[in-house]
Protein chains: 2
Amino acid sequence: MGTPRTYTYDYPMPAVTVDCVVFGWDDNDLHVLLIERGEKPYEGQAALPGGFIQVGRESLEQAARRELEEETGIRNYHLEQLGTFGNPDRDPRYHVVTVAYFALVRKSDHRPRGGTDARSAAWCPLDEVPSLAFDHDEILAVAKKRLYGKLRYKPLGFQLLPRKFPLRDLQRLYETASGGEVDKRNFRKKVLEMGILEDLNETESDVAHRAARLYRFNESAYRKRSRDGWHFEL
Amino acid sequence: MGTPRTYTYDYPMPAVTVDCVVFGWDDNDLHVLLIERGEKPYEGQAALPGGFIQVGRESLEQAARRELEEETGIRNYHLEQLGTFGNPDRDPRYHVVTVAYFALVRKSDHRPRGGTDARSAAWCPLDEVPSLAFDHDEILAVAKKRLYGKLRYKPLGFQLLPRKFPLRDLQRLYETASGGEVDKRNFRKKVLEMGILEDLNETESDVAHRAARLYRFNESAYRKRSRDGWHFEL
DNA sequence: GCCTGATAGTGTGATTGTCACACCCAAGCA
DNA sequence: TGCTTGGGTGTGACAATCACACTATCAGGC
């Protein structure tokens, strides 16, 4: 559509892309969403989903959301900027500056292989990630570090868990992030005393043991406490 | 030098710049380094120092350091990436994506108006900053928030203070960042027990009151403790 | 040289938060 | 019905945090 044309500048220009590190949680493990590249540099290799920004037409965050939705069909997720990577040789073709984003999604909200179309997007457990295209290994490493750090002092874990969850699952997630074990009783006491979880008076079903109570993150309670100078920490 | 030429692409390209928020500390107040714009959009208005990256030739951090050194002559400072701003209309001319950096310098290391040349760079107290060009107000706001947050859990304050400093000054800096007052005795005890300050057995001179002892940040002690899983917090 | 104003430096006790720890309970399944 | 699995609950020891007030030292002015 439209006549082919070209764009001329007085100086060399870099290309700008966005790449997204999408984390999902699956009962026991963190997963990242990877695509398989269908085009030339690094064709066939795994990479982070992303693409070029539409110059003059969208903000960086809009570009990240657009790419994510196009390539993976996911919606409703936490998204924040992670950092920008711009070494001149990070793309073998020419100078590409990429703005990396960091997304947290509820895997349970999206049908197992949500792929609307195009290149295959698939969840990959964090400790089985293959070598990635470009400098995406480095980007992923930064994202991991940021996620683990941030889970402790921002209530981001609730963006990964299903809306209703038992405390056990919350604890597992935090143990994964901190790399250590946590005492069950202390964990429960601490979390419940924060007053940001709503007890749903429901229990799990279909489990082969005593069913656990389900809770929901109470965002407005969280915001109220935050306004009063309190801050989340686990 | 070199023949004038142009650069042609199949797609529209954004420009990429770096901008630096440079903080300095002056006994009692935080200052930011601002330049006065000498060129068209926002000519004559205050702005953050920065400029275009050299496409294909330097990384983003190299670009930030180059621009800072060119425009202000400062050297030896802490520099980290702050975030990237890329709304299509943030520059009235065309789509410019800017990668913001965040620098901490010892004002005492640099002669009062270090300007090597070119446009005038000047320190401005944080609470007297005028309205800035582009979206630099927003960038500065993000930087301030990041600085205040980070001072509490990373030993960045020592990058702002002179190498030898009395505890009083350290306390002032932290009070500024946290917006509250702190008990002198508790502060001293806490800081000294960290074991990351070296007592120089020297005192201030030329003060109209009892001279305070001077201390120095002991980076290797800090790193050793960090490796053992300890973390800085004030 | 002595008085004054300004800031440096120092210890304790009360309170609060953090941590480690073990047992009984409910439900599904064989 | 009993075995297995994980759910749910309280207390006491210890450590960290907080609030708090006085004496010491220096420079400058009188």
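The structure displayed is predicted, hence computed values, not measured ones.
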Rounded to the nearest angstrom, tell me the gap between atom [atom1] in [X] and atom [atom2] in [N].
{"X": "B/Arg213", "N": "C/dT7", "atom1": "CZ", "atom2": "P", "answer": "20 Å"}
{"X": "B/Phe187", "N": "C/dT7", "atom1": "CZ", "atom2": "P", "answer": "17 Å"}
{"X": "B/Arg172", "N": "C/dA6", "atom1": "CZ", "atom2": "P", "answer": "14 Å"}
{"X": "B/Arg168", "N": "D/dT25", "atom1": "CZ", "atom2": "P", "answer": "18 Å"}
{"X": "B/Trp230", "N": "D/dA15", "atom1": "CH2", "atom2": "P", "answer": "19 Å"}
{"X": "A/Leu192", "N": "D/dG8", "atom1": "CG", "atom2": "C1'", "answer": "11 Å"}
{"X": "B/Arg188", "N": "D/dT17", "atom1": "CZ", "atom2": "C1'", "answer": "18 Å"}
{"X": "B/Lys184", "N": "C/dT10", "atom1": "NZ", "atom2": "P", "answer": "10 Å"}

When the ring planes of [X] and [Y] are compared, do they come out parallel, tilted or perpendicular, using 30° and 60° as the limits?
{"X": "A/His31", "Y": "A/Trp123", "answer": "perpendicular"}
{"X": "B/Tyr174", "Y": "B/Phe232", "answer": "tilted"}
{"X": "A/Tyr222", "Y": "A/Phe217", "answer": "tilted"}

Open item on the list: I need a per-nucleotide contact map over nucleotides 13-20 of chain C, read 5' to 3'. Cutoff is protein heavy atoms under 4.0 Å; write B for the base, S for backbone only, - otherwise.
Closed with: ------BB
Task: Sole residue of A/Arg163, A/Arg213, A/Lys164, A/Arg216 in salt bridge (charged side-chain N to carboxylate O under 4.0 Å, His left out) with A/Glu198 - done: A/Arg216
Task: Gap between atom OH of B/Tyr101 and atom CD1 of B/Ile139 - 0.5 Å precision - done: 13.0 Å
Open item on the list: Just verifying a value: how many Å separate B/Gln159 CD and B/Phe23 CZ, rounded to the nearest 0.5 Å?
Closed with: 14.5 Å
Open item on the list: So for A/Arg210 and C/dA26, does any side-chain atom that can act as donor or acceptor lie under 3.5 Å from a complementary atom in the base?
Closed with: no
- [ ] Using a heavy-atom cut-off of under 4.0 Å over every strand shown, decide if B/Ala208 touches base, sugar-phosphate, or nothing.
- [x] base
